[in-house]
Student: 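My questions will all concern the structure given below.
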Amino acid sequence: MHIVVCIKQVPDSAQIRVHPVTNTIMRQGVPTIINPYDLFALEEALRLRDRLGGTVTVVTMGPPTAEDSLRKALTYGADRAVLLTDRFFAGSDTLATSYALAAAIRRIGETFGPADLVFAGKQTIDGDTAQVGPGIAKRLGLLQLTYVSKLGAVDPDGRSIEVERRAEGGTQVLATRLPCLVTMLEGSNEMRRGTMADALRAARAPIVVWSAKDAGIEDIGKCGLRGSPTVVKRVFAPTARSEKAALIEVRPAARDTADALIDALFTRLPKLEAELIAAQTA
């Protein structure tokens with residue numbers, strides 16, 4: 001099997017700061033990491049390869065420094081890494097990003113063999129849109145299984161896959177045919193420790209670096225800011241609330257605690273009780 005995993009290098013959210021004047025993220029001096037959700041996708045791909053054989057190719061779009069995240073993925077055991085980097089990609093939103101990555105995955109298939117599975121994390125911690133994975137699937141004409149919590153039977157010969165997917169009110173068990181795209185949920189597995197052999201291999205392994213032209217992107221107007229219909233107008237840190245939280249003493253009976261909570265709410269929001277009564281009688 002040939003499995004492609006999409007990863008993204010993101011700022012460490014624990015150390016992100018917002019500029020007080022420009023209201024933009026201050027990236028200088030902020031360490032970068034592999035998007036945590038993508039690690040669940042990478043581990044699932046590696047487990048599948050270990051069980052069924054094949055190769056795992058990791059791909060990312062970003063600046064030249066994103067090579068660090070690709071090498072980290074190689075230390076975990078990925079077989080190959082592709083970096084899609086070009087000044088034309090600057091300022092890409094999810095639509096432009098999915099366009100560029102879909103082109104890169106198509107070129108990966110032409111160069112290293114067609115992908116049987118494409119993995120991605122459910123979303124990134126810097127954008128939180130969960131749109132890029134489904135966008136790639138749409139552009140490549142792949143079936144998509146999103147918010148997957150567990151992989152079931154995968155049959156490369158029968159070209160089928162079964163997964164468990166988180167849904168409202170429970171879990172869905174879905175089966176579809178290969179090739180397809182899967183986005184993994186958090187907590188679906190535990191990332192392995194890289195071996196010393198993989199670490200040494202990752203240090204000297206060549207990273208495949210493609211420009212927009214190398215990736216077969218014909219319409220540059222669909223990349224970067226020109227290909228992005230959405231623009232981030234402002235980034236800001238939430239202002240601290242001046243009012244303090246109220247402590248409700250827990251009573252021996254749950255009903256008494258609930259009554260105390262309701263009384264406190266009605267005291268704090270005097271109009272709420274009247275609005276609820278009006279809504280019930282309407």
Student: Taking the side chain as everything from C-beta on, heavy atoms only, tell me whether L52 gets closer than 4.5 Å to V154.
Tutor: yes
Student: Taking atom CD of E110 as the centre, does the number of heavy atoms from other residues, nucleotides or ligands within less than 6.0 Å exceed 12?
Tutor: yes
Student: Just do the side-chain contact (heavy atoms from CB on, under 4.5 Å) check on D68 and R71 with the steps written out, would you?
Tutor: CA-CA 5 Å; D68 295 339; R71 292 201 180 277; 5.7 Å; no
Student: Between R201 and D198 (salt bridge meaning N to carboxylate O under 4.0 Å), is one present in this structure?
Tutor: yes
Student: With a 4.5 Å cut-off on side-chain heavy atoms, are D38 and V5 touching?
Tutor: no
Student: Determine whether P36 and E186 make a side-chain contact, defined as any pair of heavy atoms from C-beta on separated by less than 4.5 Å.
Tutor: no
Student: Could you go through L145 and T183, starting from their C-alpha distance and side-chain angles, then the distance that decides it, and tell me whether this counts as side-chain contact (heavy atoms from CB on, under 4.5 Å)?
Tutor: CA-CA 6 Å; L145 299 166; T183 67; over 6 Å; no
Student: Would you say the side-chain atoms of E43 pair up with the backbone N or O of R192, donor to acceptor, closer than 3.5 Å?
Tutor: yes
Student: Look at the side-chain heavy atoms of Ile, Leu, Val, Met, Phe, Trp and Tyr, link any pair under 4.5 Å apart, and say whether V58 and I33 land in one connected group.
Tutor: no
Student: Under 3.5 Å, is there a donor-acceptor pair between the side chain of D116 and the main chain of H2?
Tutor: yes
Student: What's the spacing between T176 OG1 and L143 CG if we round to 0.5 Å?
Tutor: 4.0 Å
Student: Check the side chains of R165 and T171 for a donor-acceptor pair under 3.5 angstrom, ignoring hydrogens and angles.
Tutor: no
Student: Grab the two heavy atoms, one from L178 and one from P156, that are nearest each other, plus how far apart they are.
Tutor: CD1-CA, 4.5 Å
Student: Would you say V10 and M191 are hydrophobically clustered, going by side-chain heavy atoms of ILVMFWY under 4.5 Å?
Tutor: no
Student: Quick one: does any side-chain atom of T60 pair with a main-chain N or O of I7 as donor and acceptor, under 3.5 Å?
Tutor: yes
Student: Hydrophobic clusters join Ile, Leu, Val, Met, Phe, Trp and Tyr when side-chain heavy atoms are under 4.5 Å apart, directly or via other members; which others share one with L225?
Tutor: none
Student: Can you name the closest pair of heavy atoms from Q144 and T146 and give their distance?
Tutor: OE1-CG2, 3.6 Å
Student: Got a sec, which hydrophobics cluster with L185, joining ILVMFWY side chains under 4.5 Å apart, including via others?
Tutor: Y147
Student: May I ask you to check whether N35 and T124 show a side-chain donor-acceptor distance below 3.5 Å?
Tutor: no
Student: Same hydrophobic cluster for V173 and V163, using side-chain heavy-atom links shorter than 4.5 Å among ILVMFWY?
Tutor: no
Student: My understanding is that only residues two or more places apart in sequence, or in another chain, count here; which of them pass side chain to side chain contact (heavy atoms under 4.5 Å, CB included) with I248?
Tutor: A260, L261, A264
Student: Would K8 and D126 count as a salt bridge (charged side-chain N to carboxylate O under 4.0 Å, His left out) here? Give the steps.
Tutor: CA-CA 10 Å; K8 184 180 181 182; D126 58 348; 3.0 Å; yes
Student: Are the side chains of R268 and L265 in touch, meaning some heavy atoms are under 4.5 Å apart?
Tutor: no
Student: Under a 3.5 Å distance rule, please check whether S69 uses its side chain to pair with a backbone N or O of Q9 as donor and acceptor.
Tutor: no
Student: Compare every heavy atom of A96 with every heavy atom of G227, then report the nearest pair and how far apart it is.
Tutor: O-CB, 3.8 Å
Student: What's the separation between atom CG in L95 and atom CD in Q131, rounded to the nearest 0.5 Å?
Tutor: 9.0 Å
Student: Side-chain contact, heavy-atom cut-off 4.5 Å: E273 with L276?
Tutor: no
Student: Closest heavy-atom contact between A66 and L83?
Tutor: CB-CD1, 3.9 Å
Student: Show your reasoning for whether side-chain contact (heavy atoms from CB on, under 4.5 Å) applies to S98 and R139.
Tutor: CA-CA 8 Å; S98 65; R139 293 183 184 279; 3.0 Å; yes
Student: Drop me the distance from I262's CD1 to T257's OG1, to the nearest 0.5 angstrom.
Tutor: 11.0 Å
Student: Would you mind listing the cluster partners of L247? Hydrophobic ones only (ILVMFWY), side-chain contacts under 4.5 Å, chaining allowed.
Tutor: none
Student: According to side chain to side chain contact (heavy atoms under 4.5 Å, CB included), who are the partners of D155, at least two apart in sequence or on a separate chain?
Tutor: D157, S160
Student: With a 4.5 Å cut-off on side-chain heavy-atom distances among I, L, V, M, F, W and Y, is there a chain of contacts connecting L117 to Y37?
Tutor: no
Student: Would K72 and T75 satisfy side-chain contact (heavy atoms from CB on, under 4.5 Å), going step by step from the backbone distance to the final call?
Tutor: CA-CA 5 Å; K72 184 68 174 178; T75 65; 3.9 Å; yes
Student: Are C180 and I161 close enough that some pair of their side-chain heavy atoms sits under 4.5 Å apart?
Tutor: yes
Student: Count the heavy atoms of every other residue, nucleotide or ligand shown that sit under 6.0 Å from CZ of R177, and state whether that count exceeds 12.
Tutor: no
Student: Could you work out the complete set of other residues in the hydrophobic cluster of I105, with links drawn between I, L, V, M, F, W and Y side chains under 4.5 Å apart?
Tutor: V4, V59, M61, V82, L84, F88, F89, Y99, L101, I108, F112, V118, V132, I136, L140, L142, L181, V208, W210, I217, I220
Student: When you compare the side chain of F119 with that of L42, does any pair of heavy atoms fall below 4.5 Å?
Tutor: no
Student: Taking S149 for its side chain and E164 for its backbone only, find out whether a donor-acceptor pair lies under 3.5 Å.
Tutor: yes
Student: Any donor-acceptor pair under 3.5 Å linking the side chain of D12 with the backbone of T32?
Tutor: no
Student: So, for G91 and S228, which heavy atoms are closest and what is the spacing to 0.1 Å?
Tutor: O-OG, 3.4 Å
Student: Could you tell me whether K122 atom NZ has more than 12 heavy atoms of other residues or ligands within 6.0 Å of it?
Tutor: yes
Student: Using a 3.5 Å distance criterion without hydrogens, assess whether the side chain of N189 forms a donor-acceptor pair with backbone atoms of F40.
Tutor: yes
Student: Looking at M184, is its backbone amide N or carbonyl O close enough to the side chain of S188 to form a donor-acceptor pair, meaning the two atoms are under 3.5 Å apart?
Tutor: no
Student: Run D79 and R49 through salt bridge (charged side-chain N to carboxylate O under 4.0 Å, His left out) and show every step you take.
Tutor: CA-CA 10 Å; D79 301 286; R49 180 209 55 191; 3.0 Å; yes
Student: Any side-chain to backbone donor/acceptor pair from S92 onto G224? Under 3.5 Å, distance only.
Tutor: yes
Student: Calculate, to the nearest 0.5 Å, the distance between atoms CZ and CG belonging to R226 and D219 respectively.
Tutor: 8.5 Å
Student: Can you check whether E44 reaches L48 side chain to side chain, under 4.5 Å on heavy atoms?
Tutor: no
Student: Do you know which two heavy atoms are closest between D93 and P229, and how far apart they sit?
Tutor: OD2-CD, 3.1 Å
Student: Check for a donor-acceptor pair, side chain of R204 on one end and backbone N or O of L200 on the other, with a separation under 3.5 Å.
Tutor: yes
